[in-house]
Amino acid sequence: ERAKSEERRTKNEAKRNTSNLKQRNKEKDEGKGMQKQKTMTMVNTTGINNSSSSDRSCPTWLFIGFYAILFVVTATTIAKTASEFPLFPFQSDSLEWNSNWLIATVIDYYGACLCFCGIVFKSEDNWIRGSLWCLGCCLLGSPICCLWMLAFLWKHGVDSLSLSPNRRSHQQLN
């Protein structure tokens, strides 16, 4: 009888311990979920989506493809021009050298401008304003790019340029 009573008490303690352990694990998981949600909220306020590669949508892959092709085109153009017409020594009297480097420079500028336009477009509140800024950057060049940066900094401040949460903010969440 005493042994059975001891056995029941041991089983009850084991059940309680298991139940407590499950409860603690559940609370940990909920806490991790809250931390993840806080991290996502903070990261999203900086404009960055912290999703894994399997969560990426079709438009994300289209942008990745576009920028991969843009990289190949710009890198190939500059490499080919540099190998056929070395940059140094300058050959300012050669029409062929000048025209090839002019074309490479234009392609290089639009490569950089389209990368910047991706940031500008996604940072604007609506697609019309983003499109107009991008058009201005592509047609009127660096003065419009600088103007957008000035307007963005005036409106959002320098901390909004961070692509990831700063360490102090990240440590506060953990």
| said: Taking CD in Glu84 as the centre, count heavy atoms belonging to other residues, nucleotides or ligands within less than 6.0 Å. Is the count above 12? | reply: yes

| Audit row: Phe90, Asn98, side-chain contact (heavy atoms from CB on, under 4.5 Å) steps and yes/no | CA-CA 9 Å; Phe90 286 120; Asn98 282 315; over 6 Å; no

| query | What are the two closest heavy atoms between Cys117 and Cys137, and how far apart are they? | reply | SG-CB, 4.0 Å

| field | Single-linkage hydrophobic cluster Leu132~Trp127, side-chain heavy atoms < 4.5 angstrom | value | yes

| said: Can you tell me how the ring of His156 sits relative to the ring of Phe152, calling it parallel under 30°, perpendicular over 60° and tilted otherwise? | reply: tilted

| Would you say Leu147 and Leu153 are hydrophobically clustered, going by side-chain heavy atoms of ILVMFWY under 4.5 Å? | yes

| query | Does Tyr110 share a hydrophobic cluster with Leu102, counting links as ILVMFWY side-chain heavy atoms below 4.5 Å and allowing steps through other members? | reply | yes

| Can you hop from Val120 to Val158 via hydrophobic side chains spaced under 4.5 Å? | yes

| message | Please determine whether residues Met149 and Leu140 belong to a single hydrophobic cluster, defined as Ile, Leu, Val, Met, Phe, Trp and Tyr linked transitively by side-chain heavy-atom distances below 4.5 Å. | response | yes

| request: Count the heavy atoms belonging to other residues, nucleotides or ligands that lie under 6.0 Å from CZ of Phe63, then report whether that count exceeds 12. | output: no

| field | Side chain proximity check, Leu114 to Cys138, heavy atoms < 4.5 angstrom | value | yes

| field | Test item: Trp133 side-chain N/O and Ile144 main-chain N/O as donor-acceptor pair under 3.5 Å | value | no

Name each donor-acceptor pair under 3.5 Å that joins a side chain in residues 69-82 to protein atoms two or more places apart or in another chain, with its distance.
{"from": "Thr74", "atom 1": "OG1", "to": "Leu70", "atom 2": "O", "distance (Å)": "3.0"}
{"from": "Thr74", "atom 1": "OG1", "to": "Phe71", "atom 2": "O", "distance (Å)": "3.1"}
{"from": "Thr76", "atom 1": "OG1", "to": "Val72", "atom 2": "O", "distance (Å)": "2.6"}
{"from": "Thr77", "atom 1": "OG1", "to": "Val73", "atom 2": "O", "distance (Å)": "2.7"}
{"from": "Thr81", "atom 1": "OG1", "to": "Thr77", "atom 2": "O", "distance (Å)": "2.8"}

| field | Listed partners of Phe116 passing ring pair (Phe, Tyr, Trp, His ring centres under 6.0 Å), at least two apart | value | Trp148

| remark: Of all heavy-atom pairs linking Tyr109 and Ser142, the shortest is OH-N, 3.8 Å

| note | Heavy-atom closest pair (Phe121 atom, Ser131 atom, distance to 0.1 Å) is CE1-OG, 3.5 Å

